[in-house]
Protein chains: 2
Amino acid sequence: MSEPSSSDAYEETRPFRVRSSTAEWAAAILRQRVTQGGLLPGSRLVEDELTAELEVSRNTLREAFRLLGHERLLEHKLNRGVYVRVLSPADVADIYRVRRMIEGSAVRRPDQDPIALTALRDAVADAERAAAASRWLDVGTADLRYHQIIASLNGSQRVNAMMAQLLAELRLVFHTMDPRALHAPFLPRNRELLTLLESGRTAEAEDLLATYLDEAERLLLAAYAQARTS
Amino acid sequence: MSEPSSSDAYEETRPFRVRSSTAEWAAAILRQRVTQGGLLPGSRLVEDELTAELEVSRNTLREAFRLLGHERLLEHKLNRGVYVRVLSPADVADIYRVRRMIEGSAVRRPDQDPIALTALRDAVADAERAAAASRWLDVGTADLRYHQIIASLNGSQRVNAMMAQLLAELRLVFHTMDPRALHAPFLPRNRELLTLLESGRTAEAEDLLATYLDEAERLLLAAYAQARTS
DNA sequence: TCTTATCAGATTGTTCAACAATACTTATAT
DNA sequence: ATATAAGTATTGTTGAACAATCTGATAAGA
(Lines give C-alpha, C1' and ligand atoms only; values in the text may rest on other atoms or scores of the structure.)
Protein backbone atom coordinates (compact mmCIF):
# COMPACT_ATOMS: atom_id res chain seq x y z
CA MET A 1 0.00 0.00 0.00
CA SER A 2 1.93 3.00 -1.27
CA GLU A 3 -0.79 5.60 -1.03
CA PRO A 4 -1.73 7.69 1.99
CA SER A 5 -4.82 6.29 3.57
CA SER A 6 -5.63 9.20 5.80
CA SER A 7 -8.73 11.20 5.03
CA ASP A 8 -6.56 14.21 4.30
CA ALA A 9 -5.82 12.77 0.90
CA TYR A 10 -9.44 13.32 -0.09
CA GLU A 11 -9.87 16.75 1.40
CA GLU A 12 -9.43 18.24 -2.01
CA THR A 13 -12.27 16.32 -3.57
CA ARG A 14 -14.62 16.62 -0.63
CA PRO A 15 -16.52 19.61 -1.99
CA PHE A 16 -17.90 17.37 -4.74
CA ARG A 17 -19.84 15.51 -2.10
CA VAL A 18 -22.17 18.46 -1.86
CA ARG A 19 -23.13 18.26 -5.52
CA SER A 20 -23.27 14.56 -6.18
CA SER A 21 -24.31 11.86 -3.78
CA THR A 22 -21.79 10.25 -1.45
CA ALA A 23 -22.29 6.95 -3.23
CA GLU A 24 -21.27 8.46 -6.55
CA TRP A 25 -18.32 10.14 -4.92
CA ALA A 26 -17.13 6.81 -3.53
CA ALA A 27 -17.78 5.16 -6.90
CA ALA A 28 -15.67 7.82 -8.61
CA ILE A 29 -12.71 7.11 -6.34
CA LEU A 30 -12.96 3.37 -6.84
CA ARG A 31 -13.44 3.80 -10.58
CA GLN A 32 -10.27 5.82 -10.73
CA ARG A 33 -8.32 3.22 -8.79
CA VAL A 34 -9.50 0.47 -11.09
CA THR A 35 -8.90 2.29 -14.37
CA GLN A 36 -5.58 3.74 -13.23
CA GLY A 37 -4.33 0.34 -12.17
CA GLY A 38 -4.25 0.91 -8.43
CA LEU A 39 -6.60 -2.03 -8.07
CA LEU A 40 -5.65 -4.90 -10.34
CA PRO A 41 -8.13 -7.36 -11.86
CA GLY A 42 -9.02 -10.11 -9.44
CA SER A 43 -8.48 -7.95 -6.36
CA ARG A 44 -11.11 -8.30 -3.72
CA LEU A 45 -12.80 -5.23 -2.32
CA VAL A 46 -13.63 -5.86 1.31
CA GLU A 47 -16.42 -3.76 2.75
CA ASP A 48 -14.87 -3.28 6.16
CA GLU A 49 -11.56 -1.97 4.82
CA LEU A 50 -13.14 0.43 2.34
CA THR A 51 -15.73 1.83 4.73
CA ALA A 52 -12.88 2.67 7.10
CA GLU A 53 -10.70 4.16 4.40
CA LEU A 54 -13.33 6.17 2.52
CA GLU A 55 -15.24 7.00 5.68
CA VAL A 56 -18.62 6.12 4.30
CA SER A 57 -21.20 3.71 5.65
CA ARG A 58 -21.54 0.17 4.40
CA ASN A 59 -24.84 0.97 2.73
CA THR A 60 -23.34 3.84 0.79
CA LEU A 61 -20.33 1.78 -0.22
CA ARG A 62 -22.62 -0.96 -1.47
CA GLU A 63 -24.47 1.55 -3.61
CA ALA A 64 -21.10 2.48 -5.11
CA PHE A 65 -20.39 -1.21 -5.76
CA ARG A 66 -23.67 -1.50 -7.64
CA LEU A 67 -22.81 1.45 -9.84
CA LEU A 68 -19.43 0.04 -10.81
CA GLY A 69 -20.85 -3.42 -11.21
CA HIS A 70 -23.20 -2.12 -13.86
CA GLU A 71 -20.22 -0.57 -15.62
CA ARG A 72 -18.66 -4.03 -15.67
CA LEU A 73 -15.61 -2.84 -13.76
CA LEU A 74 -16.50 -4.81 -10.65
CA GLU A 75 -17.95 -8.26 -10.34
CA HIS A 76 -20.42 -8.98 -7.60
CA LYS A 77 -20.54 -12.58 -6.41
CA LEU A 78 -23.49 -13.23 -4.13
CA ASN A 79 -22.39 -13.73 -0.53
CA ARG A 80 -18.78 -13.88 -1.68
CA GLY A 81 -17.86 -10.26 -2.13
CA VAL A 82 -16.91 -7.83 -4.83
CA TYR A 83 -13.88 -8.23 -7.10
CA VAL A 84 -12.20 -6.20 -9.79
CA ARG A 85 -13.39 -7.77 -13.00
CA VAL A 86 -11.11 -10.26 -14.74
CA LEU A 87 -11.68 -10.23 -18.49
CA SER A 88 -11.59 -13.53 -20.33
CA PRO A 89 -10.19 -13.82 -23.87
CA ALA A 90 -13.81 -14.15 -24.97
CA ASP A 91 -14.51 -10.78 -23.37
CA VAL A 92 -11.63 -9.22 -25.27
CA ALA A 93 -12.90 -10.68 -28.52
CA ASP A 94 -16.39 -9.39 -27.77
CA ILE A 95 -15.09 -5.93 -27.02
CA TYR A 96 -13.29 -5.81 -30.35
CA ARG A 97 -16.41 -7.00 -32.11
CA VAL A 98 -18.25 -3.99 -30.69
CA ARG A 99 -15.36 -1.67 -31.50
CA ARG A 100 -15.43 -2.78 -35.13
CA MET A 101 -19.11 -1.99 -35.23
CA ILE A 102 -18.95 1.38 -33.51
CA GLU A 103 -15.75 2.72 -35.03
CA GLY A 104 -16.51 1.22 -38.42
CA SER A 105 -19.85 2.95 -38.49
CA ALA A 106 -18.15 6.17 -37.43
CA VAL A 107 -15.52 6.40 -40.17
CA ARG A 108 -18.07 5.40 -42.81
CA ARG A 109 -20.03 8.61 -42.35
CA PRO A 110 -19.44 11.17 -45.09
CA ASP A 111 -20.21 14.27 -43.02
CA GLN A 112 -17.60 14.68 -40.36
CA ASP A 113 -17.42 17.26 -37.65
CA PRO A 114 -14.38 19.54 -38.12
CA ILE A 115 -14.17 20.04 -34.37
CA ALA A 116 -13.79 16.30 -33.91
CA LEU A 117 -11.04 16.22 -36.55
CA THR A 118 -9.16 18.90 -34.65
CA ALA A 119 -9.53 16.91 -31.46
CA LEU A 120 -8.18 13.87 -33.30
CA ARG A 121 -5.13 15.85 -34.44
CA ASP A 122 -4.50 16.87 -30.83
CA ALA A 123 -4.77 13.32 -29.62
CA VAL A 124 -2.34 12.05 -32.25
CA ALA A 125 0.12 14.83 -31.43
CA ASP A 126 -0.13 14.09 -27.70
CA ALA A 127 0.48 10.41 -28.30
CA GLU A 128 3.54 11.07 -30.48
CA ARG A 129 4.95 13.50 -27.97
CA ALA A 130 4.48 11.03 -25.14
CA ALA A 131 6.03 8.23 -27.21
CA ALA A 132 9.09 10.37 -27.95
CA ALA A 133 9.53 10.81 -24.21
CA SER A 134 8.85 7.11 -23.56
CA ARG A 135 5.84 7.95 -21.39
CA TRP A 136 3.94 4.89 -22.53
CA LEU A 137 1.11 5.18 -20.05
CA ASP A 138 0.35 8.61 -21.47
CA VAL A 139 0.54 7.16 -24.96
CA GLY A 140 -2.13 4.72 -23.92
CA THR A 141 -4.31 7.47 -22.51
CA ALA A 142 -4.01 9.52 -25.70
CA ASP A 143 -4.76 6.46 -27.80
CA LEU A 144 -7.94 5.72 -25.90
CA ARG A 145 -8.97 9.35 -26.24
CA TYR A 146 -8.35 9.11 -29.98
CA HIS A 147 -10.70 6.19 -30.36
CA GLN A 148 -13.29 7.78 -28.11
CA ILE A 149 -13.36 10.72 -30.50
CA ILE A 150 -13.62 8.37 -33.47
CA ALA A 151 -16.69 6.84 -31.83
CA SER A 152 -18.18 10.28 -31.25
CA LEU A 153 -18.34 10.79 -35.03
CA ASN A 154 -21.49 8.70 -34.84
CA GLY A 155 -23.12 11.71 -33.23
CA SER A 156 -24.91 9.70 -30.59
CA GLN A 157 -24.75 10.27 -26.87
CA ARG A 158 -25.56 6.63 -26.19
CA VAL A 159 -22.78 5.41 -28.46
CA ASN A 160 -20.38 7.74 -26.66
CA ALA A 161 -21.40 6.21 -23.35
CA MET A 162 -21.05 2.67 -24.67
CA MET A 163 -17.60 3.44 -26.04
CA ALA A 164 -16.45 5.02 -22.80
CA GLN A 165 -17.52 1.95 -20.88
CA LEU A 166 -15.89 -0.33 -23.43
CA LEU A 167 -12.57 1.48 -23.21
CA ALA A 168 -12.71 1.43 -19.41
CA GLU A 169 -13.07 -2.32 -19.63
CA LEU A 170 -10.14 -2.54 -22.02
CA ARG A 171 -8.01 -0.66 -19.55
CA LEU A 172 -8.44 -3.58 -17.18
CA VAL A 173 -6.55 -5.73 -19.66
CA PHE A 174 -3.93 -3.13 -20.42
CA HIS A 175 -2.68 -3.01 -16.86
CA THR A 176 -1.59 -6.62 -16.98
CA MET A 177 0.80 -6.09 -19.89
CA ASP A 178 3.60 -3.96 -21.30
CA PRO A 179 2.18 -0.64 -22.50
CA ARG A 180 4.90 -0.08 -25.04
CA ALA A 181 4.39 -3.30 -26.97
CA LEU A 182 0.71 -2.55 -26.86
CA HIS A 183 0.63 0.98 -28.21
CA ALA A 184 3.79 1.55 -30.22
CA PRO A 185 2.69 -0.38 -33.31
CA PHE A 186 -0.42 1.72 -33.72
CA LEU A 187 0.95 5.22 -33.45
CA PRO A 188 1.68 5.68 -37.17
CA ARG A 189 -1.64 4.13 -38.09
CA ASN A 190 -3.59 6.59 -35.98
CA ARG A 191 -2.01 9.39 -37.99
CA GLU A 192 -2.60 7.58 -41.26
CA LEU A 193 -6.27 7.05 -40.42
CA LEU A 194 -6.57 10.70 -39.51
CA THR A 195 -5.23 11.89 -42.89
CA LEU A 196 -7.68 9.59 -44.67
CA LEU A 197 -10.54 11.05 -42.65
CA GLU A 198 -9.39 14.60 -43.30
CA SER A 199 -9.42 14.02 -47.05
CA GLY A 200 -12.79 12.31 -46.90
CA ARG A 201 -11.59 8.95 -48.21
CA THR A 202 -14.06 6.99 -46.10
CA ALA A 203 -13.74 3.70 -47.94
CA GLU A 204 -9.98 3.57 -47.40
CA ALA A 205 -10.42 4.70 -43.82
CA GLU A 206 -12.85 1.87 -43.23
CA ASP A 207 -10.41 -0.67 -44.65
CA LEU A 208 -7.50 0.64 -42.62
CA LEU A 209 -9.53 0.65 -39.43
CA ALA A 210 -10.73 -2.90 -39.99
CA THR A 211 -7.22 -4.31 -40.38
CA TYR A 212 -6.09 -2.07 -37.53
CA LEU A 213 -8.61 -3.48 -35.12
CA ASP A 214 -8.09 -7.05 -36.24
CA GLU A 215 -4.40 -6.80 -35.62
CA ALA A 216 -4.81 -5.03 -32.29
CA GLU A 217 -7.14 -7.75 -31.13
CA ARG A 218 -4.74 -10.48 -32.23
CA LEU A 219 -1.80 -8.79 -30.53
CA LEU A 220 -3.75 -8.21 -27.37
CA LEU A 221 -5.08 -11.74 -27.14
CA ALA A 222 -1.65 -13.24 -27.71
CA ALA A 223 0.03 -11.08 -25.10
CA TYR A 224 -2.89 -11.54 -22.74
CA ALA A 225 -2.80 -15.31 -22.96
CA GLN A 226 0.93 -15.26 -22.30
CA ALA A 227 0.60 -12.95 -19.31
CA ARG A 228 -2.04 -15.14 -17.74
CA THR A 229 -0.02 -18.33 -18.02
CA SER A 230 3.18 -16.91 -16.60
CA MET B 1 -18.24 -30.19 -5.42
CA SER B 2 -20.69 -32.94 -4.56
CA GLU B 3 -24.12 -31.49 -4.01
CA PRO B 4 -27.17 -33.56 -3.17
CA SER B 5 -29.20 -33.85 -6.36
CA SER B 6 -32.40 -33.54 -4.40
CA SER B 7 -31.73 -29.85 -3.90
CA ASP B 8 -32.44 -29.19 -7.58
CA ALA B 9 -36.11 -29.91 -7.27
CA TYR B 10 -36.15 -28.04 -4.01
CA GLU B 11 -34.63 -24.92 -5.44
CA GLU B 12 -37.06 -24.88 -8.30
CA THR B 13 -40.02 -24.64 -5.98
CA ARG B 14 -38.50 -21.97 -3.79
CA PRO B 15 -39.25 -18.33 -4.39
CA PHE B 16 -37.00 -16.42 -6.72
CA ARG B 17 -35.99 -14.17 -3.85
CA VAL B 18 -33.81 -16.82 -2.31
CA ARG B 19 -31.53 -17.26 -5.30
CA SER B 20 -30.86 -13.72 -6.37
CA SER B 21 -30.47 -10.78 -4.06
CA THR B 22 -33.55 -9.05 -2.71
CA ALA B 23 -32.50 -5.86 -4.45
CA GLU B 24 -32.51 -7.55 -7.85
CA TRP B 25 -35.83 -9.13 -7.08
CA ALA B 26 -37.32 -5.72 -6.31
CA ALA B 27 -35.67 -4.28 -9.42
CA ALA B 28 -37.22 -7.03 -11.52
CA ILE B 29 -40.69 -6.18 -10.28
CA LEU B 30 -40.27 -2.48 -10.90
CA ARG B 31 -38.70 -3.14 -14.31
CA GLN B 32 -41.72 -5.16 -15.28
CA ARG B 33 -44.11 -2.45 -14.16
CA VAL B 34 -42.26 0.15 -16.17
CA THR B 35 -41.88 -1.88 -19.35
CA GLN B 36 -45.42 -3.27 -19.17
CA GLY B 37 -46.89 0.18 -18.73
CA GLY B 38 -48.06 -0.17 -15.17
CA LEU B 39 -45.91 2.79 -14.27
CA LEU B 40 -46.09 5.53 -16.89
CA PRO B 41 -43.24 7.90 -17.74
CA GLY B 42 -43.05 10.79 -15.31
CA SER B 43 -44.53 8.83 -12.42
CA ARG B 44 -42.81 9.34 -9.15
CA LEU B 45 -41.64 6.36 -7.12
CA VAL B 46 -41.90 7.21 -3.43
CA GLU B 47 -39.70 5.20 -1.12
CA ASP B 48 -42.23 4.91 1.70
CA GLU B 49 -45.00 3.53 -0.50
CA LEU B 50 -42.80 1.00 -2.25
CA THR B 51 -41.05 -0.27 0.87
CA ALA B 52 -44.49 -0.97 2.33
CA GLU B 53 -45.78 -2.62 -0.82
CA LEU B 54 -42.74 -4.71 -1.71
CA GLU B 55 -41.88 -5.35 1.94
CA VAL B 56 -38.21 -4.57 1.57
CA SER B 57 -36.11 -2.08 3.47
CA ARG B 58 -35.37 1.38 2.19
CA ASN B 59 -31.74 0.47 1.59
CA THR B 60 -32.64 -2.51 -0.54
CA LEU B 61 -35.19 -0.50 -2.48
CA ARG B 62 -32.61 2.17 -3.13
CA GLU B 63 -30.24 -0.45 -4.49
CA ALA B 64 -32.99 -1.49 -6.89
CA PHE B 65 -33.43 2.15 -7.90
CA ARG B 66 -29.74 2.37 -8.75
CA LEU B 67 -29.93 -0.70 -10.94
CA LEU B 68 -32.86 0.62 -12.94
CA GLY B 69 -31.34 4.06 -13.09
CA HIS B 70 -28.32 2.60 -14.84
CA GLU B 71 -30.67 0.95 -17.32
CA ARG B 72 -32.10 4.39 -18.04
CA LEU B 73 -35.59 3.31 -17.05
CA LEU B 74 -35.65 5.46 -13.92
CA GLU B 75 -34.29 8.92 -13.38
CA HIS B 76 -32.74 9.80 -10.07
CA LYS B 77 -32.91 13.46 -9.08
CA LEU B 78 -30.78 14.20 -6.06
CA ASN B 79 -32.90 14.94 -3.00
CA ARG B 80 -35.98 15.03 -5.19
CA GLY B 81 -36.85 11.41 -5.72
CA VAL B 82 -36.96 8.81 -8.43
CA TYR B 83 -39.13 9.07 -11.52
CA VAL B 84 -39.98 6.88 -14.47
CA ARG B 85 -37.88 8.26 -17.29
CA VAL B 86 -39.51 10.62 -19.76
CA LEU B 87 -37.87 10.37 -23.17
CA SER B 88 -37.37 13.56 -25.14
CA PRO B 89 -37.64 13.63 -28.95
CA ALA B 90 -33.86 13.94 -28.92
CA ASP B 91 -33.69 10.67 -26.98
CA VAL B 92 -35.87 8.96 -29.56
CA ALA B 93 -33.66 10.26 -32.36
CA ASP B 94 -30.59 9.06 -30.52
CA ILE B 95 -32.07 5.63 -29.99
CA TYR B 96 -32.78 5.29 -33.70
CA ARG B 97 -29.27 6.41 -34.50
CA VAL B 98 -27.99 3.51 -32.43
CA ARG B 99 -30.50 1.12 -33.93
CA ARG B 100 -29.32 2.02 -37.43
CA MET B 101 -25.78 1.26 -36.36
CA ILE B 102 -26.50 -2.01 -34.58
CA GLU B 103 -29.10 -3.47 -36.93
CA GLY B 104 -27.32 -2.16 -40.01
CA SER B 105 -24.14 -3.86 -38.94
CA ALA B 106 -26.09 -7.02 -38.27
CA VAL B 107 -27.77 -7.44 -41.67
CA ARG B 108 -24.54 -6.58 -43.46
CA ARG B 109 -22.83 -9.73 -42.23
CA PRO B 110 -22.57 -12.42 -44.88
CA ASP B 111 -22.49 -15.39 -42.50
CA GLN B 112 -25.79 -15.70 -40.74
CA ASP B 113 -26.80 -18.13 -38.06
CA PRO B 114 -29.57 -20.46 -39.33
CA ILE B 115 -30.90 -20.74 -35.80
CA ALA B 116 -31.39 -16.99 -35.69
CA LEU B 117 -33.19 -17.09 -39.03
CA THR B 118 -35.58 -19.67 -37.64
CA ALA B 119 -36.20 -17.50 -34.61
CA LEU B 120 -36.89 -14.58 -36.95
CA ARG B 121 -39.46 -16.65 -38.85
CA ASP B 122 -41.16 -17.49 -35.57
CA ALA B 123 -41.26 -13.87 -34.52
CA VAL B 124 -42.75 -12.78 -37.82
CA ALA B 125 -45.37 -15.53 -37.64
CA ASP B 126 -46.26 -14.59 -34.07
CA ALA B 127 -46.64 -10.94 -35.04
CA GLU B 128 -48.88 -11.76 -37.99
CA ARG B 129 -51.01 -14.07 -35.89
CA ALA B 130 -51.42 -11.43 -33.21
CA ALA B 131 -52.24 -8.79 -35.80
CA ALA B 132 -54.94 -10.99 -37.32
CA ALA B 133 -56.51 -11.21 -33.87
CA SER B 134 -56.03 -7.48 -33.26
CA ARG B 135 -53.84 -8.16 -30.26
CA TRP B 136 -51.65 -5.15 -30.93
CA LEU B 137 -49.73 -5.28 -27.69
CA ASP B 138 -48.59 -8.79 -28.62
CA VAL B 139 -47.68 -7.52 -32.06
CA GLY B 140 -45.43 -4.99 -30.39
CA THR B 141 -43.81 -7.64 -28.23
CA ALA B 142 -43.13 -9.86 -31.23
CA ASP B 143 -41.78 -6.91 -33.18
CA LEU B 144 -39.32 -6.03 -30.44
CA ARG B 145 -38.26 -9.66 -30.26
CA TYR B 146 -37.71 -9.63 -34.02
CA HIS B 147 -35.34 -6.71 -33.81
CA GLN B 148 -33.56 -8.14 -30.80
CA ILE B 149 -32.80 -11.23 -32.89
CA ILE B 150 -31.61 -9.04 -35.77
CA ALA B 151 -29.19 -7.37 -33.36
CA SER B 152 -27.99 -10.78 -32.16
CA LEU B 153 -26.69 -11.50 -35.68
CA ASN B 154 -23.73 -9.38 -34.67
CA GLY B 155 -22.69 -12.26 -32.47
CA SER B 156 -21.78 -10.08 -29.52
CA GLN B 157 -23.06 -10.44 -26.00
CA ARG B 158 -22.46 -6.77 -25.32
CA VAL B 159 -24.41 -5.71 -28.38
CA ASN B 160 -27.25 -7.95 -27.28
CA ALA B 161 -27.28 -6.22 -23.90
CA MET B 162 -27.18 -2.77 -25.46
CA MET B 163 -30.05 -3.65 -27.77
CA ALA B 164 -32.15 -5.06 -24.94
CA GLN B 165 -31.68 -1.87 -22.99
CA LEU B 166 -32.45 0.25 -26.03
CA LEU B 167 -35.71 -1.57 -26.71
CA ALA B 168 -36.72 -1.32 -23.06
CA GLU B 169 -36.28 2.42 -23.36
CA LEU B 170 -38.34 2.47 -26.53
CA ARG B 171 -41.14 0.71 -24.71
CA LEU B 172 -41.41 3.78 -22.50
CA VAL B 173 -42.47 5.75 -25.55
CA PHE B 174 -44.76 3.07 -26.93
CA HIS B 175 -47.05 3.18 -23.94
CA THR B 176 -48.04 6.75 -24.61
CA MET B 177 -49.41 6.01 -28.07
CA ASP B 178 -51.66 3.75 -30.14
CA PRO B 179 -49.95 0.40 -30.66
CA ARG B 180 -51.77 -0.36 -33.88
CA ALA B 181 -50.70 2.75 -35.74
CA LEU B 182 -47.22 2.06 -34.48
CA HIS B 183 -46.76 -1.53 -35.52
CA ALA B 184 -49.18 -2.26 -38.36
CA PRO B 185 -47.15 -0.48 -41.09
CA PHE B 186 -44.06 -2.58 -40.40
CA LEU B 187 -45.49 -6.07 -40.36
CA PRO B 188 -45.04 -6.75 -44.09
CA ARG B 189 -41.59 -5.21 -44.05
CA ASN B 190 -40.41 -7.52 -41.30
CA ARG B 191 -41.30 -10.45 -43.53
CA GLU B 192 -39.73 -8.82 -46.56
CA LEU B 193 -36.51 -8.20 -44.70
CA LEU B 194 -36.53 -11.80 -43.53
CA THR B 195 -36.76 -13.18 -47.07
CA LEU B 196 -33.87 -10.95 -48.14
CA LEU B 197 -31.78 -12.27 -45.29
CA GLU B 198 -32.70 -15.86 -46.06
CA SER B 199 -31.52 -15.50 -49.64
CA GLY B 200 -28.34 -13.74 -48.56
CA ARG B 201 -29.08 -10.47 -50.39
CA THR B 202 -27.37 -8.39 -47.74
CA ALA B 203 -27.09 -5.17 -49.76
CA GLU B 204 -30.82 -5.07 -50.41
CA ALA B 205 -31.51 -5.99 -46.81
CA GLU B 206 -29.35 -3.11 -45.66
CA ASP B 207 -31.24 -0.68 -47.89
CA LEU B 208 -34.62 -1.90 -46.78
CA LEU B 209 -33.67 -1.72 -43.12
CA ALA B 210 -32.34 1.81 -43.49
CA THR B 211 -35.55 3.17 -45.00
CA TYR B 212 -37.51 1.06 -42.51
CA LEU B 213 -35.82 2.63 -39.52
CA ASP B 214 -35.96 6.14 -40.95
CA GLU B 215 -39.67 5.87 -41.46
CA ALA B 216 -40.28 4.31 -38.08
CA GLU B 217 -38.42 7.12 -36.42
CA ARG B 218 -40.37 9.74 -38.34
CA LEU B 219 -43.69 8.10 -37.51
CA LEU B 220 -42.78 7.73 -33.87
CA LEU B 221 -41.56 11.30 -33.45
CA ALA B 222 -44.67 12.71 -35.12
CA ALA B 223 -47.06 10.66 -33.02
CA TYR B 224 -44.99 11.28 -29.92
CA ALA B 225 -45.02 15.04 -30.36
CA GLN B 226 -48.76 14.96 -30.85
CA ALA B 227 -49.35 12.80 -27.79
CA ARG B 228 -47.30 15.12 -25.60
CA THR B 229 -49.17 18.25 -26.66
CA SER B 230 -52.65 16.85 -26.16
C1' DT C 1 -4.13 -41.48 3.98
C1' DC C 2 -8.09 -39.75 2.17
C1' DT C 3 -12.52 -38.32 2.53
C1' DT C 4 -16.43 -36.52 5.03
C1' DA C 5 -18.62 -34.02 8.85
C1' DT C 6 -18.67 -30.48 11.93
C1' DC C 7 -17.88 -26.23 13.90
C1' DA C 8 -16.24 -21.56 14.80
C1' DG C 9 -14.86 -17.20 12.60
C1' DA C 10 -15.30 -13.95 9.06
C1' DT C 11 -17.87 -11.61 5.55
C1' DT C 12 -21.84 -10.46 3.19
C1' DG C 13 -27.15 -9.68 2.96
C1' DT C 14 -30.87 -7.23 4.95
C1' DT C 15 -33.44 -4.72 8.13
C1' DC C 16 -34.39 -1.09 11.33
C1' DA C 17 -34.25 3.28 13.62
C1' DA C 18 -32.41 7.66 13.92
C1' DC C 19 -30.89 12.03 12.39
C1' DA C 20 -29.20 15.40 8.84
C1' DA C 21 -29.88 17.69 4.54
C1' DT C 22 -32.77 19.20 1.10
C1' DA C 23 -37.04 20.24 -1.29
C1' DC C 24 -41.82 21.42 -1.09
C1' DT C 25 -45.84 23.84 1.02
C1' DT C 26 -48.12 26.91 3.60
C1' DA C 27 -48.52 31.01 6.16
C1' DT C 28 -47.15 35.61 7.07
C1' DA C 29 -45.63 40.22 6.15
C1' DT C 30 -44.63 43.95 3.12
C1' DA D 1 -49.20 40.09 -5.56
C1' DT D 2 -44.57 39.09 -4.36
C1' DA D 3 -41.29 37.90 -1.33
C1' DT D 4 -39.82 35.97 2.92
C1' DA D 5 -40.03 32.73 6.56
C1' DA D 6 -41.44 28.84 9.11
C1' DG D 7 -43.08 24.07 9.07
C1' DT D 8 -43.63 19.63 6.91
C1' DA D 9 -42.50 15.81 4.04
C1' DT D 10 -39.08 13.25 1.64
C1' DT D 11 -34.66 11.89 0.59
C1' DG D 12 -29.54 11.12 2.05
C1' DT D 13 -26.60 8.86 5.21
C1' DT D 14 -25.21 6.57 9.17
C1' DG D 15 -24.59 2.90 12.71
C1' DA D 16 -25.97 -1.09 14.90
C1' DA D 17 -27.96 -5.45 14.84
C1' DC D 18 -28.94 -9.97 13.30
C1' DA D 19 -29.50 -13.61 9.68
C1' DA D 20 -27.50 -16.09 5.90
C1' DT D 21 -23.64 -17.81 3.67
C1' DC D 22 -18.93 -18.83 2.84
C1' DT D 23 -14.18 -20.27 4.45
C1' DG D 24 -10.89 -22.82 6.66
C1' DA D 25 -9.47 -25.69 10.24
C1' DT D 26 -10.19 -29.47 13.01
C1' DA D 27 -12.11 -33.91 14.17
C1' DA D 28 -14.21 -38.28 12.91
C1' DG D 29 -14.75 -42.08 10.04
C1' DA D 30 -13.64 -45.25 6.03
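Just the heavy atoms: all of them, side chains too, but no hydrogens, waters or symmetry mates, feed the values below. All chains are named by letter (A, B, ...) in the order of the sequence lines, taking the proteins before the strands, and each is independently numbered beginning at 1. All values derive from a computational prediction rather than experimental measurement.
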message = Can you give me the bend angle of the helix from dT1(C)-dA30(D) to dT30(C)-dA1(D)? Use the axis through the first five pairs and the one through the last five, nearest 10 degrees.
response = 10°

key: Closest nucleotide among dT15(C), dT12(C), dG12(D) to the Glu47(A) side chain   = dT12(C)

remark   = Contacts of Asn79(A) and Leu61(A) projected onto DNA chain D by closest heavy atom; the upstream (5') one is Leu61(A)

task = Look at the rings of Tyr212(A) and Phe186(A) and say which category their plane angle falls in: under 30° parallel, 30 to 60° tilted, over 60° perpendicular.
result = tilted

request  = Counting heavy atoms from C-beta on, name the nucleotide in dT13(D), dG13(C), dT12(C) closest to the side chain of Thr60(A).
outcome  = dT13(D)

inquiry  = Under a 4.0 Å threshold between the charged nitrogen and the carboxylate oxygen, would Arg66(A) count as salt-bridged to Glu24(B)?
reply    = yes

task = Return the value, rounded to whole Å, for the distance between atom CG of Asn59(A) and atom C1' of dT14(C).
result = 9 Å

task = Quick one: label Val82(B) by what it contacts on the DNA or RNA (base, sugar-phosphate, nothing), any heavy atom closer than 4.0 Å.
result = nothing

inquiry  = Between the side chains of Arg100(B) and Glu217(B), is the shortest nitrogen-to-carboxylate-oxygen separation below 4.0 Å, so that they form an ion pair?
reply    = yes

message = Ignoring hydrogens and geometry beyond distance, is the side chain of Arg58(B) in donor-acceptor contact with the base of dG12(D) at under 3.5 Å?
response = yes

note = Winner on side-chain proximity to Arg44(A), out of dT12(C), dT23(D), dG12(D), is dT12(C)

request  = Compare side-chain N and O positions of His76(A) against OP1 and OP2 of dT12(C) and report whether any pair is under 4.0 Å apart.
outcome  = no

inquiry  = In whole Å, I'd like the distance from the NZ atom of Lys77(B) to the P atom of dC24(C).
reply    = 9 Å

Give the table of side-chain donor-acceptor pairs shorter than 3.5 Å for residues 27-38 of chain B, with sequence neighbours excluded, one pair per line with atom names and distance.
from	atom 1	to	atom 2	distance (Å)
Arg31(B)	NE	Glu71(B)	OE1	2.9
Arg31(B)	NH2	Glu71(B)	OE2	2.9
Arg33(B)	NH1	Glu53(B)	OE2	3.3
Arg33(B)	NH2	Glu53(B)	OE2	2.8
Thr35(B)	OG1	Arg31(B)	O	3.0
Thr35(B)	OG1	Gln32(B)	O	3.3

query = Would you say a side-chain N or O of Thr22(A) is under 4.0 Å from OP1 or OP2 of dT13(D)?
reply = yes

task = Between dT13(D), dT14(C), dT10(D), spot the one nearest the side chain of Val46(B), thanks.
result = dT10(D)

message = If I take atom CG in residue Leu45(A) and atom P in nucleotide dT11(C), what distance separates them, rounded to the nearest angstrom?
response = 14 Å

